[in-house]
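Since the structure comes first, as structure tokens, the remarks are kept for the end.
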Amino acid sequence: MADVEEVEVVVAHSERATLRVGDVFLKIDADQTRTDVEVEAMAIAPIPTPEILWRKPPVLAIAALPGTALGRLGEPSKASPAAWAAAGAAVRKLHDAPLPPWPGQSLDEIESELDGECEWLMTNGVLPADLVTRNREVAQAALRPWAPVFMHGDLQITHVFVDGDEITGVIDWSEAARGDALFDLATLTLGHEEHLGDVVAGYGANVDLDVIRGWWSLRSLVASRWLIEHGFDPNTPGCEFDVLRSRM
């Protein structure tokens, strides 16, 4: 690292920051319980994860993964259908693993959060009421009992790395918990509906597509205020607001 000429800011906001220094990522989190979860989840996950180099709170240093991210929300993915299928297979392996020892959100907590965010979006005129109402109806399909699995919890396509058609690793495990398998599949394919078939084929199990669509709407509704308040734009083409509009 002594020979590195620059530091890249990967992401930075009031809660956390990630810096890249050469082949090392330095993750700084205001809430060390999230880092505790990330470290333990990577230790027990049955799929490739980054190597932890050292930890000195509030900093966690991890090695860069080979390959590139599966894609990015709002941009076409350059990854092959086989790579998307491999991602689905990796997710299935995770979901088949023993449950982590800590719980996730309850169904009641998720529904309460959803209703609060819908109210905020409409009260503040962020989105038209009919758009919010329609997506709240679509989201209802996700609000049903599920058999909990080992869920990554934030399986955005930027968190899945591939080299050719092979998965080289999955990063950012701070939201890992017991949860709904279809939430992970929905997060992975959010804004990339055209690759849902590839992911499901790799996953190798029957999937209720209405529930997937429900999670697309739910995640987009719930995430919008956080994104806005932390300097991100959910109205960027192909991102959360477009996901919501596509359900009209």
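Model, not experiment: these values are computed from the prediction.
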Given side chains that start at C-beta, do those of Phe25 and Val10 come closer than 4.5 Å, heavy atoms only? yes
Is there a donor-acceptor contact under 3.5 Å from the side chain of Ser217 to the main chain of Gly214? no
Does CD in Glu15 sit with more than 12 non-hydrogen atoms of other residues, nucleotides or ligands closer than 6.0 Å? yes
Residue pair Val37 / Trp173, side-chain heavy-atom distance below 4.5 Å: no
Assess the side chains of Asn135 and Arg213: does a donor N or O sit below 3.5 Å from an acceptor N or O? no
Just checking, any donor-acceptor pair under 3.5 angstrom between side chains of Trp216 and Thr189? yes
Does Ser77 reach the main-chain N or O of Leu70 with its side chain, forming a donor-acceptor pair under 3.5 Å? yes
Taking the side chain as every heavy atom from C-beta outward, state whether Leu182 and Trp215 have any pair of such atoms under 4.5 Å apart. yes
Which of parallel (below 30°), tilted (30 to 60°) and perpendicular (above 60°) describes His159 and His152? tilted
Determine whether more than 12 heavy atoms belonging to other residues, nucleotides or ligands lie under 6.0 Å from atom CZ of Arg55. yes
So do the side chains of Gln156 and Leu188 get within less than 4.5 Å of each other, counting heavy atoms only? no
Can you establish whether the number of heavy atoms outside Glu194 located under 6.0 Å from its atom CD is more than 12? yes
Looking at side-chain heavy atoms only, is the closest gap between Phe232 and Val11 below 4.5 Å? yes
When you measure from the side chain of Arg16 to the backbone of Asp29, do you find a donor-acceptor pair of N or O atoms at a distance under 3.5 Å? no
Do His13 and Trp226 have their ring centres less than 6.0 Å from each other? yes
Do we see a donor-acceptor contact under 3.5 Å between the side chains of Ser80 and Asp165? yes
Does a side chain donor of either Thr33 or Asp31 reach within less than 3.5 Å of an acceptor in the other side chain? yes
Parallel, tilted or perpendicular: which one describes the rings of Trp84 and His195, with boundaries at 30° and 60°? parallel
Could you see if Ile212 belongs to whatever hydrophobic cluster contains Met248? Use Ile, Leu, Val, Met, Phe, Trp, Tyr and a side-chain cutoff under 4.5 Å. yes
Cluster check Leu53, Val21: I/L/V/M/F/W/Y, side chain < 4.5 angstrom: yes
